[in-house]
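Notes follow the structure.
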Amino acid sequence: MKLNVKSAFIAVSLTSLTLVSCKSDKKAISNENPEVTIHELSDADMLNPINYTDAGAGYILTNTHQPLLGIDFKTLELVPILAVARPEIEKRPEGGMLITYKIRPQARWDDGTPITAKDVEFTLKVIKNPKVDNQNRKPYYEFIEDIRFYEDDPLKFTFICKDVYILAEASS
């Protein structure tokens, strides 16, 4: 009989502890400071957006770094993310093409400073740098020869492309 009283006491204690620990935290549910938690099955090899190689890192980086354009997975069309709109693309008479973008004025770094065309230039230079180990990415940007800036608008820039490239808009 003592065994049954002990078992009942343990069962009641565990049930009570379970019920007490399951109370909701209204602060965590509020929309005041929304928080998203994403769990991955393994660690990424690296979190460098220029030369990562594994899919886990790619997934994490898509949630932490924003591109100029992205894909709407419902329509499978390119949509602007950091860009105001899809770029203006024109073929040059001497060959190649011009791809002109304008960055959203709301696009800001963590410290509040605006993202500008010079930031895009820096990223392009890092990608094209021969000393950066990103052989899987470099070929997608070889068609870009130079970048043109506009003095009157630091958010506008044009990629000067030496070739007409089928993935030019998606890669840029």
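Heavy atoms only: backbone and side chains are in, while hydrogens, waters and symmetry mates are out. Starting from 1, each residue takes its place in the sequence as its number.
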So, the side chain of [X] versus the backbone of [Y]: is there a donor-acceptor pair under 3.5 Å, distance only?
{"X": "Ser172", "Y": "Ala168", "answer": "yes"}
{"X": "Tyr141", "Y": "Ser171", "answer": "yes"}
{"X": "Asp45", "Y": "Asp54", "answer": "no"}
{"X": "Asp119", "Y": "Thr116", "answer": "yes"}
{"X": "Lys128", "Y": "Thr123", "answer": "no"}

Item to check | Closest contact, heavy atoms only, Leu155 versus Ile115 | outcome: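 Shortest heavy-atom contact: CD2-O, 3.2 Å.
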Problem - Considering all heavy atoms, the nearest Gln66-Thr62 contact - result: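 Smallest interatomic distance, heavy atoms only, reads NE2-O, 3.9 Å.
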Taking everything shown except [X] itself, do over 12 heavy atoms lie less than 6.0 Å from its [atom1]?
{"X": "Asp111", "atom1": "CG", "value": "yes"}
{"X": "Glu88", "atom1": "CD", "value": "no"}
{"X": "Leu167", "atom1": "CG", "value": "yes"}
{"X": "Tyr140", "atom1": "OH", "value": "no"}

Original post:
Members other than Val79 in its cluster, when Ile, Leu, Val, Met, Phe, Trp, Tyr link by side-chain heavy atoms under 4.5 Å?
Top reply: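 None; Val79 is a cluster of one.
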Original post:
Do Thr158 and Tyr101 have a side chain donor and acceptor closer than 3.5 Å?
Top reply: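 Distance-only check fails for Thr158 and Tyr101.
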Is there a path of hydrophobic side-chain contacts, each under 4.5 Å between heavy atoms, that joins [X] and [Y]?
{"X": "Met46", "Y": "Val132", "answer": "no"}
{"X": "Leu98", "Y": "Leu69", "answer": "no"}
{"X": "Phe143", "Y": "Val164", "answer": "yes"}
{"X": "Ile127", "Y": "Phe157", "answer": "yes"}

(message) Exactly one of Thr100, Ile89, Val120 should register a side-chain contact (heavy atoms from CB on, under 4.5 Å) with Phe159. Which one does?
(response)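 Going through the options one by one, the only one that passes is Val120.
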When you check the gap from the basic side-chain N to the acidic O, do Lys125 and Glu121 get nearer than 4.0 Å?
->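 Yes, this pair counts.
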